[in-house]
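Structure first, then comments.
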Amino acid sequence: MTITSEGRTARTSRVDDTDRVPFADCWITEPARRAAARVLASGWVTTGTECADFERELAAAVSAPCAVSVASCTVGIELCLRSLGLPDGTGVLTSTMTFCGAVHAIEHAGLVPVLVDVDPVTGMPTPETVAAARAGRSVGAMVVVHWSGDPADVASLAAAAGLPMARVVEDAAHALGSAWAGAPVGSGEAVCFSFYATKNLPIGEGGMVTLRDPDRADWMRRARLHGMSTDAWRRYLPGGAWRYDVPEAGLKANLTDLQAAIGRAQLQAFDGWQSTRRSLARRYDERLAGIPGLGLPHRPLDVEGRHAWHLYAVRLPVDVPRDAVMEGLKARGVSTSVHFVPVHRLSHYASRQRPDGFPGADAMFARLLSLPLYPRLRTTDVDRVADALADTIEEVAR
Ligand SMILES: *Cc1c(COP(=O)(O)O)cnc(C)c1O
């Protein structure tokens, strides 16, 4: 299955498709397919031992003390916020340059998003934009996104927000494989990963929350499954007791063993995929460097951290119309996308403006374009995309 720039439409198989370069690609490996078949044949398909093993293995991969598998990154963010027990209506800082679902999660937790502008170079809030957003209002928490896989400096953003690290939730939907200051993204207080079809570790759907506090992890294990004190797997184990209590209403947000088995097998391939992403990103850097006015993606210095290269997002030359570029690329067989429409531009958030607007996000958004980047992309595809982009910009600018 491939994902087009429009979203989730299944097209042709990547490996059979030689005449176009799709924007994204969901690669479920042979071992992952076999693992799925094994779970389906086992008679236990929902949350059980595969989920527990996946939690252990992912926690180890990102140096996290605890991990709780969940249905999605979105619901993981909601659970992390709910676990803080903040009063309804408390403000939560979040970047405006993020996926809408990450902001909905704040609302679903009964809290109020407080949108933060970004640095147009990194696509992420700075201590200055965080301080400006929180000025004059009370905020109880902050969601920090590692946009495109470029690691955010979470501690300095928390300091600017005047919040302890325990009140920060990291949206690492793009950042499995990222690191900052020698620590993998995932080793923080509460970090949410996505296994959606286009993400760096695709399952199709699924998520994981890594946590430092074991009590918070225990709370989340109950809260993800109706708030029940013991889950079905434990109740049905030999010698398991059927009795349970429900101390508070939970969500239905568990991962299944079917998904977890796929995720565990995909994790075996992950390091290789990441090194391919890094070398493809370097190839883009080389091939695009000569295009006048084109901005290449920000990345951390080697001594600062590691980029996971979920997205390779360029900034088009000023005044080159993006829609015309995307059309020109499509005519040359190359699909592209835009991440994201800033949240303050979505009609649902019309009431969430700032008096001085979001100049950083607006400036960046006007020029943003995400190019194809995934492990099955070939070096020759990168060259073709780069040539097509150079030709299209020249054509459109004429
Ligand atoms: C994909 C994405 C999410 C949501 O992930 P799901 O697992 O689909 O809920 C959240 N935040 C960002 C930045 C994303 O790109």
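Just so you know, these numbers come straight off a predicted model, no measurement behind them. We count ligands from 1, going down the list as the structure has it; atoms in each ligand are counted the same way.
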Discussion item. For the CG atom on Asp356, are there more than 12 heavy atoms of other groups (residues, nucleotides or ligands in this structure) within a distance under 6.0 Å?
Written reply: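 Yes, enclosed.
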
Q. Out of Ser194, Gly207, Gly76, Ala71, who gets a non-hydrogen atom closest to atom 7 (O) of ligand 1?
A.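 Selected option, by shortest heavy-atom distance: Ser194.
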
Ring-ring centroid check His339 Phe23, cutoff 6.0 Å: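 Yes, they do, as the ring centres are separated by less than 6.0 Å.
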
- Below 6.0 angstrom between ring centroids: does that apply to Tyr196 and Phe99?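 No, ring centres 6.0 Å or more apart.
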
Requested in this report: Check the pair Val343 / His348 against side-chain contact (heavy atoms from CB on, under 4.5 Å), numbers first and verdict last.
Outcome: CA-CA 9 Å; Val343 171; His348 176 59; over 6 Å; no

### Message
Would Tyr196 count as being in polar contact with ligand 1, using the rule that some N or O on each side must be under 3.5 angstrom apart?
### Response
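No; every N/O pair is 3.5 Å or more apart.
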
Worksheet item: Are any of the N or O atoms of Cys73 closer than 3.5 Å to those of ligand 1?
Response: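 In this structure, Cys73 places an N or O atom under 3.5 Å from an N or O of ligand 1.
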
Ignoring hydrogens and geometry, is there a side-chain-to-backbone donor-acceptor pair from Asn200 to Ala308 under 3.5 Å?
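Such a contact is found between Asn200 side chain and Ala308 backbone.
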
Review point. Judged by non-hydrogen atoms, does Phe340 sit under 4.0 Å from ligand 1?
Key: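 Judged by the 4.0 Å heavy-atom criterion, Phe340 does count as contacting ligand 1.
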
Check whether any heavy atom of Lys199 sits under 4.0 Å from an atom of ligand 1.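 The answer is yes, since Lys199 has a heavy atom less than 4.0 Å from ligand 1.
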
Determine whether the side chain, the backbone, both or neither of [X] has a heavy atom under 4.0 Å from any heavy atom of ligand 1.
{"X": "Thr74", "value": "both"}
{"X": "Val75", "value": "neither"}
{"X": "Ala173", "value": "side chain"}
{"X": "Phe193", "value": "neither"}

Requested in this report: For Gly206, counting its heavy atoms only, list the atoms of ligand 1 lying under 4.0 Å from any of them.
Outcome: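 Numbered from 1, ligand 1 contributes 7 (O).
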
Checklist line | Sub-4.0 Å atoms of ligand 1 with respect to non-hydrogen atoms of Thr98 | finding: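 Answer, ordered by atom number: 13 (C).
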
Side-chain contact, heavy-atom cut-off 4.5 Å: Asp150 with Pro300?
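Heavy-atom side-chain distance check passes, below 4.5 Å.
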
Practice task
Would you check if Leu86 and Arg167 make a side-chain contact, meaning some heavy-atom pair closer than 4.5 Å?
Solution key: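 Yes. Closest side-chain heavy atoms under 4.5 Å.
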
Using a distance-only test with no angle check, is there a side-chain donor-acceptor pair under 3.5 angstrom linking His344 and Asp362?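 The answer is yes; a qualifying pair exists.
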
